[in-house]
Amino acid sequence: MSAKKIFFTTGPSALFYTVEEHLRTALRKQIPSISHRSKAFSQIYQHTEEQLKQLAGLPQDYRLFFTSSATEVWERMLQSAVVSDTLHLVNGAFSKRFFQVAQKLQYQAISVEVPPGNVVSMEGLPTEVMPELIGVTHNETSTGAQQPVKDLEILRTKYPESLITVDAVSSFPVIDLPFYQIDALYFSVQKCFGLPAGLGGWLVNDRFIEKSKQLAPTGNTSYHGVDSFLEKHGKYQTPSTPNVLAIYLLSRVLEDMLEKGLERIRMESKYKSAILYHLLESKQTIAPFVKDTKWRSETVIVSETMDQTNNIIEKLNQKGLVVGSGYGGFKDQHIRIANFPTHSKEQVEMLVDLLDAMVD
Ligand SMILES: *Cc1c(COP(=O)(O)O)cnc(C)c1O
């Protein structure tokens with residue numbers, strides 16, 4: 001067996017450093033075999049929701065639903081709470097896919113689109129519409145662009161009647177968001193939580209639930225929707241058999257994060273991203289892809305490479321460090337580096353030193 005690698009890929013990524021131990025505990029306790037209708041499962045579900053609220057300081061009316069992935073949430077949100085009009089802020093592959101899902105499902109979807117590496121400015125948004133739902137991607141993992149947090153507050157004042165939904169898949173819970181201005185927020189566990197892929201978390205507030213209840217008689221949700229999730233949530237159960245093991249692991253990682261403290265996690269995250277960007281800016285042949293410093297993601301650092309992508313990836317790989325290639329059309333032009341809570345300061349310092357030594 002070769003030595004263990006450190007994954008700086010943007011998801012799946014390195015496992016949170018306690019996951020191996022929790023996995024062994026889970027097997028010993030036979031967690032994968034417990035019924036999702038059992039008291040034991042309900043306790044795990046409730047504990048997970050409570051800890052998530054405590055950790056991130058979420059509003060008390062947020063309910064946590066489990067999906068198969070974040071991608072599933074796009075369809076569920078539309079089917080649960082929209083009759084016709086949606087507005088999408090598009091600045092990369094993930095924000096675009098939500099828009100396309102809405103088009104495919106034949107909603108009246110409009111988008112405001114800016115080139116990769118940018119974020120949609122609040123001034124550029126249409127004023128003559130009041131969409132039922134707005135989709136904004138807080139952290140565009142395909143480009144490393146991050147919507148400034150204050151924009152989410154501006155969105156709420158611009159569109160007081162709309163449901164504001166935030167894709168925080170690759171930034172939650174590291175970045176502190178104005179949760180009280182957000183009606184639905186979703187994430188995947190293989191990003192900042194450092195867990196195996198295969199579980200999405202979908203948080204909705206009372207406003208979102210009220211809107212979906214108005215729709216319920218005509219709503220076109222299929223096997224998962226706010227209605228079926230909510231009904232089972234009353235007993236901390238799920239409409240279908242969920243990934244019980246993943247939910248258990250999430251609850252354990254949340255315990256660890258609470259013990260470490262989110263403040264400390266956030267401080268370390270700022271430090272790690274600062275040294276990465278500092279390195280990229282100090283080099284001749286590589287540079288941050290996102291030019292405007294206000295828009296640079298703290299959790300997904302994307303660099304232009306002047307055709308050195310494969311070379312850099314290969315050389316780092318030989319040292320046991322795995323970074324991601326560019327997304328889609330940028331495959332050979334970028335590298336993408338995850339800065340998630342499991343990545344220690346020492347690991348990021350090592351990556352910075354190696355990169356410094358291998359590129360001009
Ligand atoms: C990874 C990612 C998704 C999709 O998550 P899945 O778990 O693959 O469904 C959506 N949005 C963003 C911003 C992401 O980074």
Side-chain angles (χ1 to χ4, degrees), residues 1-20 92-93 116-118 139-146 170-171 174-175 190-194 260 264-360:
M1 266 275 288
S2 53
K4 268 198 172 176
K5 293 184 184 298
I6 305 171
F7 283 85
F8 286 98
T9 38
T10 56
S13 192
L15 290 180
F16 197 76
Y17 46 85
T18 53
V19 167
E20 220 175 294
N118 295 268
N139 196 66
E140 211 357 303
T141 315
S142 65
T143 66
Q146 190 166 292
S170 56
S171 54
V174 175
I175 309 298
Q190 77 273 21
K191 310 276 167 91
C192 296
F193 290 102
K260 178 160 183 174
R264 206 171 128 205
I265 291 172
R266 285 175 174 166
M267 264 165 51
E268 287 180 8
S269 168
K270 283 200 171 62
Y271 167 78
K272 291 179 293 170
S273 81
I275 62 171
L276 279 164
Y277 281 117
H278 181 77
L279 169 85
L280 297 179
E281 288 194 312
S282 72
K283 297 270 117 184
Q284 303 292 318
T285 65
I286 59 174
F289 175 57
V290 177
K291 300 305 169 202
D292 191 323
T293 53
K294 298 190 297 299
W295 296 344
R296 282 184 188 162
S297 167
E298 195 179 297
T299 50
V300 176
I301 287 90
V302 178
S303 176
E304 300 172 322
T305 61
M306 286 174 68
D307 296 328
Q308 300 173 91
T309 296
N310 292 336
N311 192 17
I312 293 171
I313 288 176
E314 186 45 43
K315 278 187 179 158
L316 286 174
N317 208 10
Q318 284 165 13
K319 304 281 184 188
L321 273 57
V322 186
V323 301
S325 62
Y327 194 94
F330 294 114
K331 189 174 191 317
D332 299 322
Q333 275 120 54
H334 291 175
I335 54 168
R336 292 182 303 146
I337 301 167
N339 168 27
F340 292 157
T342 196
H343 298 116
S344 69
K345 288 191 277 191
E346 292 73 20
Q347 289 172 341
V348 175
E349 284 163 359
M350 178 162 75
L351 172 60
V352 165
D353 289 345
L354 286 170
L355 269 173
D356 193 19
M358 71 180 56
V359 292
D360 292 327

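If you read the sequence from its start, that first residue is 1, and numbering goes on from there.
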Undergrad: Hey, does I301 have a side-chain heavy atom less than 4.5 Å from the side chain of S273?
TA: yes
Undergrad: Which residues pass the side chain to side chain donor-acceptor pair (under 3.5 Å) test with N317, not counting sequence neighbours?
TA: K5
Undergrad: Are the side chains of T299 and Q146 in touch, meaning some heavy atoms are under 4.5 Å apart?
TA: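 Result yes, sub-4.5 Å side-chain heavy-atom pair found.
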Undergrad: Rounded to the nearest 0.5 Å, what separates atom CG in N339 from atom OH in Y277?
TA: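 Answer for the CG-OH pair, N339 versus Y277, is 9.0 Å.
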Undergrad: Are any side-chain N or O atoms of S303 and backbone N or O atoms of T305, one a donor and one an acceptor, separated by less than 3.5 Å?
TA: no
Undergrad: Could you tell me the separation between the OG1 atom of T10 and the CD atom of Q190, rounded to the nearest 0.5 Å?
TA: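 Taking OG1 in T10 and CD in Q190, the distance rounds to 9.5 Å.
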Undergrad: Got F8 and V348 here, is their nearest side-chain heavy-atom distance under 4.5 Å?
TA: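 Side chain of F8 against side chain of V348, heavy atoms only: contact under 4.5 Å found.
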Undergrad: Closest approach of G144 and V290, non-hydrogen atoms and distance?
TA: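 For G144 versus V290, the nearest heavy atoms are O-CG2, 3.3 Å.
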Undergrad: For C192 and V174, which heavy atoms make the closest approach, and how far apart are they?
TA: SG-CG2, 4.0 Å
Undergrad: Does H334 use its side chain to pair, donor to acceptor, with the backbone of G329 at less than 3.5 Å?
TA: no
Undergrad: Taking salt bridge (charged side-chain N to carboxylate O under 4.0 Å, His left out) as the cut-off, I'd like each qualifying pair that reaches into residues 280-298, sequence neighbours left out, listed once.
TA: E281-R296, K283-D356, K291-E304, D292-K294
Undergrad: What I'd like to find out is whether the side chain of F340 reaches to under 4.5 Å of the side chain of K191, using heavy atoms alone.
TA: yes
Undergrad: Please tell me if the side chains of I286 and I312 come closer than 4.5 Å, counting only heavy atoms from C-beta onward.
TA: yes
Undergrad: So, does T285 use its side chain to make a donor-acceptor pair with the main chain of D360 at under 3.5 Å?
TA: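 Yes, the answer is positive, given that a donor and an acceptor are paired below the 3.5 Å cut-off.
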Undergrad: Identify the heavy atoms of N139 and S297 that sit nearest to each other, and give their distance.
TA: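 The pair with the smallest heavy-atom distance is OD1-OG, 2.7 Å.
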Undergrad: Check the pair L351, V323 against side-chain contact (heavy atoms from CB on, under 4.5 Å), reporting the backbone distance first and the verdict last.
TA: CA-CA 10 Å; L351 172 60; V323 301; 4.1 Å; yes
Undergrad: How far apart are the closest heavy atoms of S170 and T141, and which atoms are they?
TA: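 Of all heavy-atom pairs spanning S170 and T141, the closest is OG-OG1, 2.6 Å.
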Undergrad: Between I313 and S325, is there a side-chain heavy-atom distance shorter than 4.5 Å?
TA: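 A side-chain contact under 4.5 Å exists here.
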Undergrad: Can you name the side-chain contact (heavy atoms from CB on, under 4.5 Å) partners of P116, sequence neighbours left out?
TA: T143, F289, F330
Undergrad: With salt bridge (charged side-chain N to carboxylate O under 4.0 Å, His left out) as the rule and sequence neighbours excluded, what pairs involving residues 325-351 come up?
TA: none
Undergrad: With K260, which residues qualify under side chain to side chain donor-acceptor pair (under 3.5 Å), at least two apart?
TA: E268
Undergrad: Which heavy atom of H343 sits nearest to which heavy atom of A14, and what is that distance?
TA: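 In terms of heavy atoms, the two residues are closest at NE2-CB, 3.8 Å.
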Undergrad: Rounded to the nearest 0.5 Å, what's the gap from CH2 on W295 to CD on E140? Could you check?
TA: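 So the gap between those two atoms works out to 13.5 Å.
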Undergrad: Taking only residues at least two apart or on different chains, which pairs with a member in residues 318-328 satisfy salt bridge (charged side-chain N to carboxylate O under 4.0 Å, His left out)?
TA: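 Checked against salt bridge (charged side-chain N to carboxylate O under 4.0 Å, His left out) - neighbours excluded - no pair reaches residues 318-328.
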Undergrad: So, do L316 and L355 sit near enough that their side-chain heavy atoms are less than 4.5 Å apart?
TA: yes
Undergrad: Could you tell me the separation between the CD1 atom of I275 and the CG atom of L280, rounded to the nearest 0.5 Å?
TA: 11.0 Å
Undergrad: Using a cut-off of 6.0 Å, state whether more than 12 heavy atoms not belonging to M358 lie near its atom CE.
TA: yes
Undergrad: Please tell me if the side chains of I337 and L276 come closer than 4.5 Å, counting only heavy atoms from C-beta onward.
TA: yes
